[in-house]
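Written below as structure tokens is the structure these notes are about.
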Amino acid sequence: MPTAFQKELFTLACRQADLCGLVAIALEDATRSVLESDHTLGGHGREQVAAAAALGAACEDQACALPALHAPREAEVKAVVAAVHTAADLTRMGGLAREVADAPGRVPPDVRPALARPAAHAVAAVRAAAAVRIGRWTAGFVPVGG
């Protein structure tokens, strides 16, 4: 039976999967806004970035509070540290999406593929990270100590 700490880690993993989703949408919208010169998409991307920043901060706070509320084992401490790093990295990716959405002007047609490819890779990486966060739990993985 999972411990209270493990249940909170699962909740944190779900929140981080949600964070991945927000960042992926922000990246997609920001990229499309620049490629299509669509300021509405840029605004939507910035909204997603703001939501991602708030959720990322909440994930970091939750992760930092976990060791203080429980007596985690070594493997569980490692999971908490990884969660803090993941939330920070995802928040930075959201900041990148904001920078892309704020880019002024039109993108020349010959430059669009060079911008679209890395953006597509970033979105795929974020979506894969979400799958990994949840997949570990749904596959029966429950960290139970060192």
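What you see below is based on every heavy atom in this structure, not just the backbone, and it leaves out hydrogens, waters and symmetry mates.
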Which heavy atom of [X] sits nearest a heavy atom of [Y], and at what distance?
{"X": "Gly94", "Y": "Val49", "answer": "O-CG2, 3.1 Å"}
{"X": "Ser33", "Y": "Ala101", "answer": "OG-CA, 4.0 Å"}
{"X": "Glu8", "Y": "Gln62", "answer": "O-NE2, 3.5 Å"}
{"X": "Ala30", "Y": "Ala97", "answer": "CB-O, 3.2 Å"}

How many angstroms lie between [atom1] in [X] and [atom2] in [Y], if you round to the nearest 0.5 Å?
{"X": "Arg32", "Y": "Thr40", "atom1": "CZ", "atom2": "OG1", "value": "11.0 Å"}
{"X": "Leu35", "Y": "Arg112", "atom1": "CG", "atom2": "CZ", "value": "6.5 Å"}
{"X": "Leu9", "Y": "Leu66", "atom1": "CG", "atom2": "CG", "value": "5.5 Å"}
{"X": "Lys78", "Y": "Arg73", "atom1": "NZ", "atom2": "CZ", "value": "14.0 Å"}
{"X": "Leu27", "Y": "Arg98", "atom1": "CG", "atom2": "CZ", "value": "12.0 Å"}

Contacts under 3.5 angstrom, residues 84-93 side chains, donor-acceptor by atom type, not counting sequence neighbours:
| unit_1 | atom_1 | unit_2 | atom_2 | d |
| --- | --- | --- | --- | --- |
| Thr86 | OG1 | Ala82 | O | 2.8 |
| Asp89 | OD1 | Arg92 | NH2 | 2.2 |
| Thr91 | OG1 | Ala87 | O | 2.8 |

Check: Any side-chain hydrogen bond (donor to acceptor under 3.5 Å, both in side chains) pairs touching residues 114-129, not counting sequence neighbours?
Finding: Glu28-Arg127
Do [X] and [Y] have side-chain heavy atoms sitting under 4.5 Å apart?
{"X": "Glu47", "Y": "Asp29", "result": "no"}
{"X": "Arg133", "Y": "Leu19", "result": "no"}
{"X": "Val34", "Y": "Leu41", "result": "no"}

Check: Cluster question for you: counting only ILVMFWY and a side-chain heavy-atom cut-off of under 4.5 Å, with indirect links fine, are Leu22 and Val126 together?
Finding: yes
Check: Under 4.5 Å between side-chain heavy atoms, hopping through other hydrophobics if needed: is there a path connecting Phe5 to Leu12?
Finding: yes
Note to self: Donor-acceptor pair, distance only, cut-off 3.5 Å: does the side chain of Gln16 make one with the backbone of Cys59?
What the structure shows: no
